[in-house]
Number of protein chains: 2
Amino acid sequence: MGDSTQLLDRAFAALADPTRRDLVARLSVSDATVGELAEPYEMSFQAVSKHVKVLEEAGLVTRSRDAQRRPVHLNREAFDLMTQWIERYRREAEERYRRLDALLARTAQDDEDRRTEKEQAS
Amino acid sequence: MGDSTQLLDRAFAALADPTRRDLVARLSVSDATVGELAEPYEMSFQAVSKHVKVLEEAGLVTRSRDAQRRPVHLNREAFDLMTQWIERYRREAEERYRRLDALLARTAQDDEDRRTEKEQAS
DNA sequence: AACGTATTCAACCAATCAGTTGACAACAAC
DNA sequence: GTTGTTGTCAACTGATTGGTTGAATACGTT
């Protein structure tokens with residue numbers, strides 16, 4: 001069981017929440033403090049702080065320290081890990097589909113051939 | 001709020017569970033019935049059935065009917081939706097990083113220039 | 001009609017989660 | 001040192017989740 005398992009668990013779980021996906025979208029434009037991030041939402045400041053913490057523990061986000069501010073910024077590597085996982089299996093499924101497709105085409109061609117043979121025989 | 005929001009919610013949540021990620025990995029190799037899927041795990045047959053249902057409701061998987069069997073197979077489109085979402089923000093973050101990098105390089109160059117000017121002045 | 005196989009449904013339990021409010025910690029400025 | 005700002009921690013609540021077991025459904029076989 002690779003070490004990436006827990007990270008994937010957390011990263012996928014983190015992005016399952018629409019608020020957290022929105023935070024990520026905004027952070028992709030520019031870094032921000034928790035206060036700035038919290039501003040547009042209805043929910044309490046502390047709730048947003050919790051969301052940011054979840055993103056941080058998933059490795060999707062890191063924070064530096066600037067006096068009492070803790071600016072948040074995206075961590076691209078974690079995203080890479082996710083796309084790699086998803087793409088791996090998507091691609092395998094696609095491969096398999098292509099092979100199946102080719103097999104069906106071949107079978108259809110065989111049928112065609114058989115029909116043609118019959119026609120020629122008659 | 002786009003219609004894809006709920007699907008993304010469910011798809012990310014579905015893949016947050018290691019058992020379900022394992023099911024996806026195995027389904028990328030070949031379609032399988034719930035019984036076949038359940039076989040290697042310690043947990044009850046019904047638990048696996050539930051997991052498959054979660055994957056299905058997330059659009060990650062579809063099922064056909066073959067007598068009493070319900071073979072499960074991967075649905076590539078849902079995976080595309082996820083990678084598109086992830087890649088979009090990963091890319092924007094990367095873009096932004098490159099611009100910042102360029103800015104820093106330019107500033108460093110300016111400093112260098114200033115130093116050189118001073119040297120030439122002396 | 002009765003039986004076996006493959007699968008789902010229903011009810012329940014413990015754990016986790018997203019949200020709340022109130023108290024606390026770290027730092028800057030006065 | 002007191003005050004203001006930025007943020008976290010702790011305790012609570014209701015909803016959801018991953019698991020269980022037992023009963024029910026759907027279909028093929030005899």
Side-chain angles (χ1 to χ4, degrees), chain A residues 1 5-27 30-75, chain B residues 1 5-27 30-75:
Chain A
M1 209 163 290
T5 304
Q6 266 205 5
L7 253 185
L8 281 175
D9 281 11
R10 292 193 183 135
F12 279 119
L15 294 186
D17 184 284
T19 303
R20 285 192 294 255
R21 280 203 307 279
D22 194 53
L23 289 173
V24 166
R26 292 172 55 205
L27 286 169
S30 80
D31 292 0
T33 65
V34 177
E36 290 162 356
L37 288 173
E39 201 270 318
Y41 304 114
E42 299 280 293
M43 77 187 77
S44 74
F45 178 82
Q46 291 97 315
V48 176
S49 176
K50 266 191 182 180
H51 279 307
V52 172
K53 193 182 178 187
V54 171
L55 290 172
E56 189 179 21
E57 280 167 352
L60 291 166
V61 128
T62 61
R63 316 160 89 157
S64 33
R65 180 166 269 285
D66 165 28
Q68 67 271 66
R69 287 148 186 237
R70 318 257 339 255
V72 184
H73 69 273
L74 279 193
N75 179 29
Chain B
M1 211 163 288
T5 303
Q6 265 204 7
L7 253 185
L8 280 175
D9 281 11
R10 292 193 183 134
F12 279 118
L15 294 186
D17 184 283
T19 303
R20 286 191 296 255
R21 281 203 307 280
D22 194 54
L23 289 173
V24 166
R26 291 171 55 203
L27 286 168
S30 81
D31 292 0
T33 65
V34 179
E36 290 161 355
L37 288 173
E39 201 269 319
Y41 304 115
E42 297 281 292
M43 76 187 78
S44 74
F45 178 83
Q46 292 96 316
V48 176
S49 176
K50 267 191 179 180
H51 279 307
V52 172
K53 193 182 180 188
V54 171
L55 290 171
E56 187 179 23
E57 280 167 353
L60 290 166
V61 127
T62 61
R63 316 160 90 156
S64 35
R65 180 166 271 285
D66 165 26
Q68 65 271 67
R69 291 153 185 233
R70 318 255 344 250
V72 184
H73 68 275
L74 280 194
N75 179 28

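We use all heavy atoms of the structure for the numbers below, so side chains are in, but hydrogens, waters and symmetry mates are not. In what follows, chains carry the letters A, B, and so on, assigned in the order in which the sequence lines appear, proteins first and then strands, with residues in each chain numbered from 1. Model, not experiment: these values are computed from the prediction.
Side-chain nitrogen and oxygen atoms of Lys53(B) include at least one within less than 4.0 Å of the OP1 or OP2 phosphate oxygen of dC9(C). Residue Arg20(B) places at least one side-chain N or O under 4.0 Å from the OP1 or OP2 atom of dG18(D). One finds no side-chain N or O of Thr19(A) lying less than 4.0 angstrom from the OP1 or OP2 phosphate oxygen of dA18(C). In terms of phosphate contacts, Thr33(A) brings no side-chain nitrogen or oxygen within less than 4.0 Å of OP1 or OP2 of dT6(D). Put simply, Arg69(B) has no side-chain N or O that comes within less than 4.0 Å of OP1 or OP2 on dT7(C). At least one side-chain nitrogen or oxygen of Ser49(B) sits closer than 4.0 Å to the OP1 or OP2 atom of dT8(C). For the pair Arg63(A) and dT8(D), the criterion of a side-chain N or O lying under 4.0 Å from OP1 or OP2 is met.
Although no hydrogens or angles enter the test, the distance criterion places a donor-acceptor pair under 3.5 Å between the side chain of Arg26(B) and the main chain of Leu37(B). No donor-acceptor distance shorter than 3.5 angstrom exists from the side chain of Arg70(B) to the backbone of Arg63(B), with no hydrogens or angles considered.
Residue-to-nucleotide contacts include a donor-acceptor pair under 3.5 Å from the side chain of Gln46(A) to the base of dG22(C). No hydrogens or angles were tested; on distance alone, nothing pairs the side chain of Glu42(B) with the base of dG19(D) as donor and acceptor under 3.5 Å.
Just one residue in the list Leu74(A), Leu60(A), Asp22(A) forms a side chain to side chain contact (heavy atoms under 4.5 Å, CB included) with Leu27(A), and that residue is Leu74(A). Tested against Val61(A) for a side chain to side chain contact (heavy atoms under 4.5 Å, CB included), the candidates Leu55(A), Val24(A), Asn75(A) yield a single pass: Leu55(A). Screening Asp31(A), Leu23(A), Val52(A), Thr62(A) for a side chain to side chain contact (heavy atoms under 4.5 Å, CB included) with Val72(A), the sole residue that qualifies is Val52(A).
Ranking dA18(C), dT20(C), dG19(D) by closeness to the Lys50(B) side chain, first place goes to dG19(D). Considering only the side chain of Arg65(A), dA26(C) comes nearest among dG19(C), dA26(C), dT8(C).
In this structure, the CG atom of Asp9(A) is 13 Å from the C1' atom of dG18(D), given to the nearest Å. Separating the CD atom of Glu56(B) from the P atom of dT8(C) is a distance of 8 Å, rounded to the nearest angstrom. Regarding Arg10(A), its CZ atom lies at a distance of 15 Å from the C1' atom of dC17(C), rounded to whole Å. Atom CG in Asp66(B) sits about 13 Å away from atom C1' in dT5(C), given to the nearest Å. If you measure from atom CD of Glu36(B) to atom C1' of dT5(C), you get 13 Å, rounded to the nearest angstrom. Across the protein-nucleic acid pair, Met43(B) atom CE and dT21(D) atom P stand 13 Å apart, rounded to whole Å. Rounded to whole Å, atom C1' of dT8(C) lies 15 Å from atom NE2 of His51(B). Between the P atom of dG19(C) and the CZ atom of Phe45(A) lies a distance of 15 Å, rounded to the nearest Å.
Residue order along DNA chain C, read from the 5' end via each residue's closest nucleotide, puts Pro71(B) first among Ser44(A) and Pro71(B).
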